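Read through the structure below, which is laid out as structure tokens, and then see the notes.
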Amino acid sequence: MAILPIVRLGHPALRRPAEPLALGRLGERPVRRLIDDMIATMRDAEGVGLAAPQVGMAIQLFVYEAVDEDEPGGGIPLRVVVNPMLEPIPGEMVYDWEGCLSIPDLRGLVPRHPAVRVRGLDRDGGPLDYVAEGFEARIVQHEFDHLNGVVFLDRMRDLQSLAYYEEWEEFLREAATRPSKARPE
Ligand code: NI
């Protein structure tokens, strides 16, 4: 397995819509290797999710995992999601902090749907159909956005909460998130 370079904001790969992966290609060695490398890269970077465009591949594929059960929202097992479709479950938008491996050191408050139905394929081409809630729903929406050339900054209602990690830890971490407001998407 290899640790892949993660592209950062400004790289055109982050703004390019990803293409669906042909089902037959899922078993191919380069794709299997890409998935393994993305998992290794996410873990190495201590991220909770990574989408293929972040490693320069315009493929509808992302991985996520939040194993640290001591962290809020932790205990989410590894998922590999290919060619996803998301369907928001109706509910008030929820604001919480997000960061991104492609936008290092920054955090901001982002509104997300509280739950989403995820449909797609797993790494073996098997069907996926499940509901993600809470922190997992947030991760899924963040990673899905990457497949459409969207980053969390685009989803912020305003940039007032944008902060560097160090300052966020010092001043903002404990601050209450703003009341959520429904927004049609
Ligand atoms: Ni990201």
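From a predicted model like this one, the values you see are computed outputs, not experimental measurements. Every heavy atom of this structure was used, including side-chain atoms; hydrogens, water molecules and symmetry mates were not. Both ligands and their constituent atoms are indexed starting at 1 by order of listing.
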- Sum up the protein N, O or S atoms located under 2.8 Å from the Ni ion (ligand 1). 3

- Between the side chains of R157 and Y95, does any donor sit under 3.5 Å from an acceptor? yes

- Item | Reference residue F62; test side-chain contact (heavy atoms from CB on, under 4.5 Å); the match among V82, V81, D145 | V81

- Task: Give the intermediate values and the outcome of salt bridge (charged side-chain N to carboxylate O under 4.0 Å, His left out) for residues D37 and R32.
- Result: CA-CA 9 Å; D37 289 349; R32 301 197 74 87; over 6 Å; no

- Partner of R123 under side-chain contact (heavy atoms from CB on, under 4.5 Å), picked from I39, L78, V63, is I39

- Query: Should F152 and W97 be regarded as members of a common hydrophobic cluster, given that ILVMFWY residues are connected when their side-chain heavy atoms come within less than 4.5 Å of each other, either directly or indirectly?
  - Reply: no

- Task: Report the C-alpha distance between R15 and D154 in whole Å, list the side-chain angles of each, state the deciding distance to 0.1 Å, and finish with yes or no for salt bridge (charged side-chain N to carboxylate O under 4.0 Å, His left out).
- Result: CA-CA 11 Å; R15 295 306 195 175; D154 305 324; 2.6 Å; yes

